[in-house]
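Worksheet: the structure to be examined is printed underneath.
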Number of protein chains: 2
Amino acid sequence: MQITRQTEYAIRTLIELSKVPLGTILQTRDISQKQDVPEVFLTKTIQLLARAGLVTTQRGSQGGVRLAVSPDKITIADVLTVTEGRLGLNVCLTESGYCPNMNICPVRRVLKRAQEAMLAELKKDTFADLVADPEKEKEKE
Amino acid sequence: MQITRQTEYAIRTLIELSKVPLGTILQTRDISQKQDVPEVFLTKTIQLLARAGLVTTQRGSQGGVRLAVSPDKITIADVLTVTEGRLGLNVCLTESGYCPNMNICPVRRVLKRAQEAMLAELKKDTFADLVADPEKEKEKE
DNA sequence: TTTAACTGGATAAATTATGTCCTATTTGTC
DNA sequence: GACAAATAGGACATAATTTATCCAGTTAAA
């Protein structure tokens, strides 16, 4: 019932990348140090983000990671669907999940609504919002 | 990111208890057979529900479990808070959780909203609703 | 050519969730 | 009072998942 640490690492990575001008390359090592995340493990997380098309990685010297899409196009909901292997409050709500009476199960219906409400909320703020100067954010209100 | 199997067991137990007239005692064994849940494990789950005041257990011959409150006063949200040890999308949202910058963290704020949205949705249907004959439910609309 | 980075597979360690066993304790019934 | 039926609760065992590390590749810049 909690997001995994890996999801948290992914969020922090995207936060770091959203703070710098779009297109800027950061090294995994830098991110791991800034955010206090084990470097080798972070590598794997970044690979997930890369396969999902959220970031682009570049090998070789001077390589690293950069955002593949503008921070105002990414939300925490996107991260969840990438890093949380089986998103879904219950098995019957995951892609591969199956339950003989999933069509009539009232519990499933309630859980589904709850999950959708959660994701809808997560979609309201983009990473651009998350890294925005809180003072400036206030001005918008 | 999923409810545990124990939570599912707890929900199923309450479903069974909500189907019978309020006050009816059922045995753990019966519930475990009807819902296909390992009996000894279910015992533990029921103990959690009992400590939380949702059900009352009675020892001895003719003993068993019965609802401690009317099914229209219990929701899946109640079950979650009982069986999901650390409810909270992230550590910083659990009771014991702490993070040095939890006051200013924008991620925490978004996760908190999402979690509240989820719980709010779960609170909309009571167990009385869940076991209601779907036909009769329609009539109410 | 060397060095700095990511890739990817295998594996290990840690944590959590699930399930079982055994010995109490309580309560109804004969 | 003896017995049987039921939960209580601690200790333990197993399984699954998550987190972390290792190592041998591959890519690209200088």
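Below, chains carry the letters A, B, ... as their sequence lines are ordered, and counting in each starts from 1. FYI, side chains are in, hydrogens and waters are out, and symmetry mates aren't considered; it's all heavy atoms of this structure.
For A:Ser70, the side-chain hydrogen bond (donor to acceptor under 3.5 Å, both in side chains) test picks out A:Asp72, with sequence neighbours left out. Listed by chain and number, the residues in a side chain to side chain contact (heavy atoms under 4.5 Å, CB included) with A:Thr4 are A:Gln6, A:Thr7, A:Glu84 (sequence neighbours excluded). For A:Lys124, the side-chain hydrogen bond (donor to acceptor under 3.5 Å, both in side chains) partners at least two apart in sequence or on another chain are A:Glu121. With sequence neighbours excluded, the residues forming a side chain to side chain contact (heavy atoms under 4.5 Å, CB included) with B:Ala50 are B:Val55, B:Thr57, listed by chain and number. Judged as a salt bridge (charged side-chain N to carboxylate O under 4.0 Å, His left out), and not counting sequence neighbours, the contacts of B:Lys19 are B:Glu16.
The pair A:Arg109-B:Asp125 does not count as a salt bridge, with every side-chain nitrogen at least 4.0 angstrom from each carboxylate oxygen.
Look at CE on B:Met1: it is 17 Å from P on C:dT16, rounded to the nearest Å. When the C1' atom of C:dA17 is taken as reference, atom CG of B:Leu87 falls 17 Å away, rounded to whole Å. Whole-Å rounding puts the B:Ile3 CD1 to C:dA17 P distance at 13 Å.
Between the side chain of A:Thr83 and the backbone N or O of A:Val79, at least one donor-acceptor pair lies under 3.5 Å. No side-chain donor-acceptor contact under 3.5 Å links B:Thr94 to the backbone of B:Asn90. At distances below 3.5 Å, at least one donor-acceptor pair connects side-chain atoms of A:Ser18 with backbone N or O atoms of A:Leu14.
Looking at heavy atoms from C-beta onward, B:Ile11 lies in side-chain contact with B:Phe127 at the 4.5 angstrom threshold.
Using a 4.0 Å cut-off on heavy atoms, the residues of residues 18-52 of chain B that approach DNA chain C are B:Pro38, B:Val40, B:Phe41, B:Lys44, listed by number.
Within the structure, no pair that satisfies the salt bridge (Lys or Arg N to Asp or Glu O under 4.0 Å) test touches residues 47-71 of chain A, not counting sequence neighbours. Pairs engaging residues 43-85 of chain B under the ring pair (Phe, Tyr, Trp, His ring centres under 6.0 Å) rule: none recorded [sequence neighbours left out].
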Enumerate all atom pairs, one protein N or O and one N or O from nucleotides 26-30 of chain C, separated by less than 3.5 Å.
residue, atom, partner, partner atom, Å
C:dT26, O4', B:Arg59, NH1, 3.1
C:dT26, O2, B:Gly60, N, 3.1
C:dT27, O2, B:Ser61, N, 3.2

Please write out each protein N/O paired with an N/O of nucleotides 12-17 of chain D under 3.5 Å, distance rounded to 0.1 Å.
none

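Note on the helix from C:dT1-D:dA30 to C:dC30-D:dG1: terminal axis deviation equals 10°, with five pairs used at each end and the result rounded to 10°.
Residue A:Tyr98 belongs to a hydrophobic cluster whose other members are A:Met102, with links defined by side-chain heavy atoms closer than 4.5 Å.
OP1 or OP2 of C:dT7 has at least one side-chain nitrogen or oxygen of A:Thr57 nearer than 4.0 Å. Between B:Tyr9 and C:dG19, a side-chain N or O to OP1/OP2 separation shorter than 4.0 Å is present.
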